[in-house]
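Report on the structure given below.
Since the model is a prediction, treat every value here as computed from it, not as a measurement. What's counted below: heavy atoms across the whole structure, side chains too, no hydrogens, waters or symmetry copies.
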Amino acid sequence: MGNDMVSKGRVTIREVAERAGVSTATASRALSGNHPVPPATRARVLRAARDLDYVANAHARALVGGGRKMAAVVVRQVTSPFYAQVAEGVEAEAADRGWLCVVGATGGDAQREMEFVQLMREEGARLVILVGGVVEDEAYRERVAHYAHALDSSGARLVLCGRPAPGPEIPALVVEFDNGAGARAVTAHLLSAGHRRIVFLGGLPGNTALDARVAGYRAALADHGLPPEAAHVVDCGLGRAAGHRAMTELLKKTDEFTAVFAGDDMVAAGALRAIADAGRRVPDDISVVGYNDIPLAEDFNPPLTTVRTPAEELGRAAVRIALRDPEHAAGAHHLLGTHIVVRESVGAPPPGRAL
């Protein structure tokens, strides 16, 4: 994994000084940058610190007035309404406490994520918050374990926001919402309206958030006595473009469905456009529901029935819980609820097409 971010215990300033061949006081001055030190000496100290993976303890810095009250939020993209709302929640809660908030976007690139987490560790961020569902493969599990232990060793805390921890031994706080229950409830809403042929549009196998939504969708179908084969999951991923493309293809292939459960509201936006482009009407011909209740969902045509996720509260809770009880927050798991927002995108199936 390249540079191992985890040391076998916290490296001390004394060890850095010994490696660089200078006094502890000189090493401290070189690392703080607040005092004049010969360039060659500074370079030797910085090299020793890097080789030993030394990071000044954020709590110790705070005691001498040098700590940074900073929370860092790491998201896949800043243009996603869901990620933006979570980041807003973190920023608002941080501001209430006089803290600063830094936002980093990775584009889903693991190397960029790792570099950002390491930078925030070096800069003394007290909280590093990773946001959103992920594909939980072995590389991801190993990476998060590295982050959690490395941050913990330097007096900081990792918060997983909107995703579970890869293992119980990892010193990370988890704050997420109940994806499965929200999906089950909104699917039940479609079933109660008379729909039996419901497509889930937006699967992404292995992604923690979407797998939970698909599981909730399947559970609701089973609750209503439908066989497992009644489920139809289209694995197109998230985003408006993915929803538009997948819905366009589906409409060309079949009309053997009366309702669509979109994996999120942006997928729903693309699906609504594709349905309109095909000359169909929502909800007269096809009902559509989404997930997240982004601010624009009520302005869709028609306004979208969806699951409201506590996006801003997720961000606020990530900061609040981590700071309220820092000694016991690591390893704690907090689950927030969801609820359906009913608008105009769901109707009864067209006559003769309910079964």
Side-chain angles (χ1 to χ4, degrees), residues 71-94 101-108 110 113 116-117 127-137 140-141 143-144 147-148 151 157-167 170 172-186 202-216 237-239 262-267 290-295 297 306-322 329-339:
V73 189
V74 187
V75 299
R76 177 181 288 265
Q77 58 185 122
V78 291
T79 52
S80 158
F82 172 75
Y83 288 133
Q85 283 181 284
V86 174
E88 288 247 321
V90 172
E91 201 284 325
E93 195 69 26
C101 173
V102 178
V103 180
T106 66
E113 180 187 87
F116 188 79
V117 173
L127 297 177
V128 175
I129 302 167
L130 303 184
V131 184
V134 286
V135 175
E136 243 189 6
D137 55 15
Y140 167 77
R141 282 190 283 272
R143 203 164 69 243
V144 168
Y147 297 159
L151 288 165
R157 166 136 302 121
L158 179 67
V159 184
L160 301 175
C161 193
R163 71 177 73 162
I170 291 173
L173 165 67
V174 173
V175 181
E176 59 178 336
F177 56 86
D178 199 336
N179 271 298
R184 196 169 188 159
V186 82
L204 190 59
N207 180 284
T208 51
L210 286 168
D211 280 354
R213 290 174 202 178
V214 169
L238 297 183
D264 76 358
D265 293 345
M266 296 306 289
V267 173
Y291 210 102
N292 282 340
D293 194 28
I294 63 173
T306 184
V307 177
R308 178 168 295 168
T309 56
E312 187 175 334
E313 175 55 21
L314 264 185
R316 281 187 170 274
V319 175
R320 192 169 59 243
I321 295 166
H333 186 280
H334 296 264
L335 194 66
L336 306 183
T338 60
H339 64 271

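Here the CD-CG distance, from Q85 to D293, works out to 8.0 Å after rounding to the nearest 0.5 Å. Going from atom SG of C101 over to atom CD1 of I129 covers 7.0 Å, rounded to the nearest 0.5 Å. Distance CG/L173 to CG/L160: 8.0 Å, rounded to 0.5 Å.
Heavy atoms of other residues, nucleotides or ligands lying less than 6.0 angstrom from CZ of R163 number more than 12. Atom CD of E312 has more than 12 heavy atoms from other residues, nucleotides or ligands within 6.0 Å.
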- Message: Is there a side-chain contact (heavy atoms from CB on, under 4.5 Å) between F177 and L314? Walk through the geometry before answering.
- Response: CA-CA 8 Å; F177 56 86; L314 264 185; 3.4 Å; yes

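Smallest separation of non-hydrogen atoms from P164 and Y140: O-OH, 4.5 Å. When every heavy atom of Y291 is checked against every heavy atom of G182, the shortest pair comes out as OH-CA, 3.5 Å. The two residues T208 and G133 have their closest heavy-atom pair at OG1-CA, 3.4 Å. When all heavy atoms are compared, the tightest approach of V175 to A318 is CG2-CA, 4.0 Å. Summarising the geometry of G237 relative to L204, their closest heavy-atom pair is CA-CD1, 4.1 Å, with the distance given to 0.1 Å.
The side-chain contact (heavy atoms from CB on, under 4.5 Å) test applied to E313 returns P310, R316, A317, R320, L336, not counting sequence neighbours. For D211, there are no side-chain contact (heavy atoms from CB on, under 4.5 Å) partners two or more places apart in sequence or in a different chain. Annotation: side-chain contact (heavy atoms from CB on, under 4.5 Å) contacts of L238 (sequence neighbours excluded): L210, D264, V267. Residues passing the side-chain hydrogen bond (donor to acceptor under 3.5 Å, both in side chains) test with E113, sequence neighbours excluded: R143, Y147. Here E136 pairs with nothing under the side-chain hydrogen bond (donor to acceptor under 3.5 Å, both in side chains) rule; sequence neighbours left out. Residues passing the side-chain contact (heavy atoms from CB on, under 4.5 Å) test with A105 are V75, V78, sequence neighbours excluded. Partners of D265 according to the salt bridge (Lys or Arg N to Asp or Glu O under 4.0 Å) rule, which considers only residues two or more places apart in sequence or in another chain, do not exist here.
Side chain of R213 to backbone of G263: a donor-acceptor contact under 3.5 angstrom is found. Here the side chain of Y83 pairs no donor or acceptor atom with the backbone of V74 at under 3.5 angstrom.
Counted by atom type alone, D178 and T338 present zero donor-acceptor pairs between their side chains at under 3.5 Å. Between the side chains of E176 and H334, not a single donor N or O lies within less than 3.5 Å of an accepting N or O.
Here the side chains of T309 and F82 are in contact, with some heavy-atom distance below 4.5 Å. A heavy-atom distance below 4.5 Å is found between the side chains of V131 and V73. With contacts defined as side-chain heavy-atom distances shorter than 4.5 Å, the pair P81/N292 does not qualify. Contact of the L151 side chain with the V117 side chain is registered, since non-hydrogen atoms from C-beta on lie closer than 4.5 Å. A heavy-atom distance below 4.5 Å is found between the side chains of M266 and I294. The closest side-chain heavy-atom distance from L130 to C161 is not below 4.5 Å.
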